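Comments concern the structure below.
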Amino acid sequence: MIENLSKTYNPKDFEDRLYKFWKEKEYFKAHINYDKEPYTIMMPPPNVTGNLHMGHALNNTIQDILIRWKRMQGYEVLWLPGTDHASISTEAKVVEKIRSEGKTKEELGRDNFLKEAWEWTKKYGGNINNQLEKLGVSCDWSRERFTLDESLSNAVKEVFIRLYEKGLIYRGNRIINWCPDCKTAISDAEVDHEETSGHIWHIRYPIKNEDEFIVIATTRPETMLGDLAVAVNPKDERYVNFIGKTAILPLVNREIPIIADEYVEMDFGTGAVKITPSHDPNDFEVGLRHNLGHLIIMNEDGTINENGGKYNGLDRYVARKLIVEDLEKEGYLVEIKEHVHSVGHCERCKTVVEPLISKQWFVKMEPLAKPALDAYKEGKLRFIPERFGKIYTHWLEGIKDWCISRQLWWGHRLPVYYCKDCGEVIVTREEPERCTKCNSTNMYQDSDTLDTWFSSALWPFSTLGWPEETEDYKYFFPTDVLVTGYDIIFFWVIRMVFSSIEQTGKVPFNDVFLTGLVRDSEGRKMSKSLGNGIDPLDVIEEYGADALRFTLVTGNTPGNDMRFHMERVEANRNFANKLWNATRFVLMNLDEKVVLEDISPNLLEEEDKWILSRINRVIKEVTDNLNKYEIGMAAQRIYDFIWDEYCDWYIEMVKPRLYGDDKESKETAQKVLLHVLENILKLLHPFMPFITEEIWGHLPGREEALIVSPWPKYNENKVNVQAEIKMAYIMEAIKGIRNARQEMNIAPSRKATLIFVTKDEDIKDIIDYGKRYFTNLASGETIIIQEDRDNLGEDNISVVLNKCEIFIPLKDLVDIDKEIERLEKEKEKLEEELKRVRGKLSNRGFIEKAPQEVVDKERSKEKQYQDMMDKVLERLKNLKASK
Ligand SMILES: [Zn+2]
Ligand SMILES: [Zn+2]
């Protein structure tokens, strides 16, 4: 006998071992090979200090499925892994650490801080890589990249300089989102807008030299310190007479103009608004239109600055409270209204974001967005599912200039230098020694770093050595598909597309496969605060990586959120277990020397032809579905085939041959079993790589590993429609008989006569052929085929099929005397009950005194017993007649 698998399926026995084996054999490693077509996926880089969560597990499982499948299809696959330096989140963690040591970032200084950050990264970075290995990812670790690697940093610098030289990067005053806690600008996409209940304050601004005033409405009264105008809508008749006059800013006594601007909504508050150009994005635009200038009243930490007069140094919210009190004291406050509005919070630290004018670096988006839009319109970029194309278009059409400078230290520093003497700005690859304008050596580098997304936007090509024309870049770029969560289309996908088109002239990937969120079993987002997160590593520990992977890719469709049920993981582990046991059975029943030459067609039984035809179809269905990125459907097809057709039907059907004396028939069954098993393992491998490789290693005559074995090909000639129809009919009959017996709770060991009634010649043939299955799989004893219902006994159970009816004599299924005896007893019991109930109901005292519902209850009991009695009597009558 062949060396068999261990008795029980225990993924821990082999998952780590196999991963090591694959790695050592360098199966994951990509080679430049112009004889083969490349297939490339860039793994979305997780944060270097992050830990594997279900979202990663889902994305990486999908990528691994595609990669393993394409590798087996003969492509030269590259799946390039790596991590992102994640400036803001890593910096926040390091700041926290040094804070706990009683120091601040500033006290430590830039160089020492960066040293700490690198140490942190080395300590916690790479965790996620080990965790990914547990999942079975077959990525090329030899090409692992980090966004702060020297060559990737070079790419970043190169792109910055090229964009700057083309006039696509500029420095300017803009309103940015400022996080007073992280102390950096953050992008629109990093702001969470939450409905928050607050107030609207109505404040009276006196008109200069008049006895009148104008009432403005604001949700942030402290910003009035920076007011430079009051604005009304030019169409607003209430205010026509105010336009052009001067208002006096309360508490501050600054004179500000009253202007007309269409941006003002007439029905918001009083229809008159204060204009604070340095602290509100809309006011900023109004300020530009009316040439109002700027007045910054807040520090970077959210306190009021020296422009705030007596409020100087106060936190913004303390100042708000004081200002409202002062306004009230001095008679400027008209009223306070409750107000629910959307307030921006820092995604990272949840602090309320402050819109602030600031000198920042920007990428001019319009010229970059257009080619990215065109690429989609021209079909060079495809979204799966398609509906995300709309979101992509919508975002690109409304895109604003991208603020790329961050007041952080951990990241790519801007290649920008300033002359202290003449103020010249120099953007250059090498640090300049002298000012190009005044020759001064008094130079310093911009202290800001670039938005993390600036470097990850280059990921599809910077990882391949760009801007160098490396061999890898020439062969593997552009990539084939990007697999990522739909929540970062804007952050990342769009930026990769326009960066790639601008720098390389190519769309970075053909397809974007978007995954949904993995939610808990109740549909809630997994979160730390809810404590409902499920750690993928815990799941792997308990059920194995294969069961987790299978669960993540089945039962959901691309782009939709999924609910994660542990019961499903368990079910998929049971599926693996079923395959394991089936294989053990097959191996146990193979002869010492298993013949691997072709199966000779004239020795095939109908069941062999059927299963060979079916596996051939399944090969097509799985492949077609994978081609369409219908990964869940592909997985379901192979699952159903293994569970139902291979294990529950085929193996059961061939058992008599395996145990029988017909050597040729036995050998054929063995060969077919093995052939189908091989194909099953191949088809299942991308989804469940570990169990399939482990089983593969135990099959006879295996020379190469499953991971690099060729993907099976659909062969039209192997489809056998006749056999499929025949076997489908036979299986339908068996299922019908089994169901009928099951309903009556009859043990399979109790054999019964099966009478098939049909006039159809073809069906007669099929039934005749099916005799052997009916005896084995449907507890048949004598099998009779007849054209009409003659000679059927009185009492039969029947199963209706297409053009055929099956009758099973009841006397074969139950012992009639015993059944009569049992029913007589049942009858007596029911008679007793009926007597009791009827006695009660004929008692007038009971009827009159008992509450209505008690009486009703007794009546319904009477009816119930009578119904049961009728059935028992009917059965007794029939049984006695059939004796
Ligand atoms: Zn923050
Ligand atoms: Zn100079």
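Note that this is a predicted model, so its numbers are computed, not measured. Just so it is clear, the values below take in all heavy atoms, side chains as well, and ignore hydrogens, waters and symmetry mates. Order of appearance sets the numbers: ligands from 1, and atoms from 1 within every ligand.
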Of all heavy-atom pairs between [X] and [Y], which one has the smallest distance, and what is that distance?
X	Y	answer
I488	T484	CD1-OG1, 3.2 Å
Q131	N51	NE2-OD1, 3.0 Å
K274	T276	NZ-OG1, 2.9 Å

- request: Return the set of protein N, O or S atoms whose distance to the Zn ion (ligand 1) is under 2.8 Å, each given as residue and atom.
  value: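 Under 2.8 Å from the Zn ion (ligand 1) - ignoring waters, which are not counted - the protein N, O or S atoms are C179 SG, C182 SG, C346 SG, C349 SG.
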- request: In plain terms, say whether E116 and K105 are close enough for a salt bridge, that is, a side-chain N and a carboxylate O under 4.0 Å apart.
  value: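 No salt bridge links E116 with K105.
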field: E285/R289 ion pair, N-O < 4.0 Å
entry: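 Looking at E285 and R289, the cut-off is not met.
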field: Donor-acceptor contact below 3.5 Å, side chain R110 vs main chain S447
entry: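 Yes; judged by distance alone, with no hydrogens or angles, the pair exists.
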field: R495 to F490 six-membered ring, cation-pi geometry met (6.0 Å, 45°)
entry: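 Judged by the rule (NZ or CZ under 6.0 Å from the ring centre, within 45° of its axis), R495 counts as positioned above F490.
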- request: Could you grab the protein N, O or S atoms closer than 2.8 Å to the Zn ion (ligand 2) for me?
  value: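 Within the sphere that stays under 2.8 Å of the Zn ion (ligand 2), the protein atoms of type N, O or S are C419 SG, C422 SG, C435 SG, C438 SG.
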- prompt: Given side chains that start at C-beta, do those of T121 and W410 come closer than 4.5 Å, heavy atoms only?
  reply: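 Touching, per the 4.5 Å side-chain cut-off.
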- request: Start with the C-alpha gap between Y486 and D561, add the side-chain angles, then the distance that decides, and say whether side chain to side chain donor-acceptor pair (under 3.5 Å) holds.
  value: CA-CA 10 Å; Y486 66 68; D561 292 356; 3.0 Å; yes
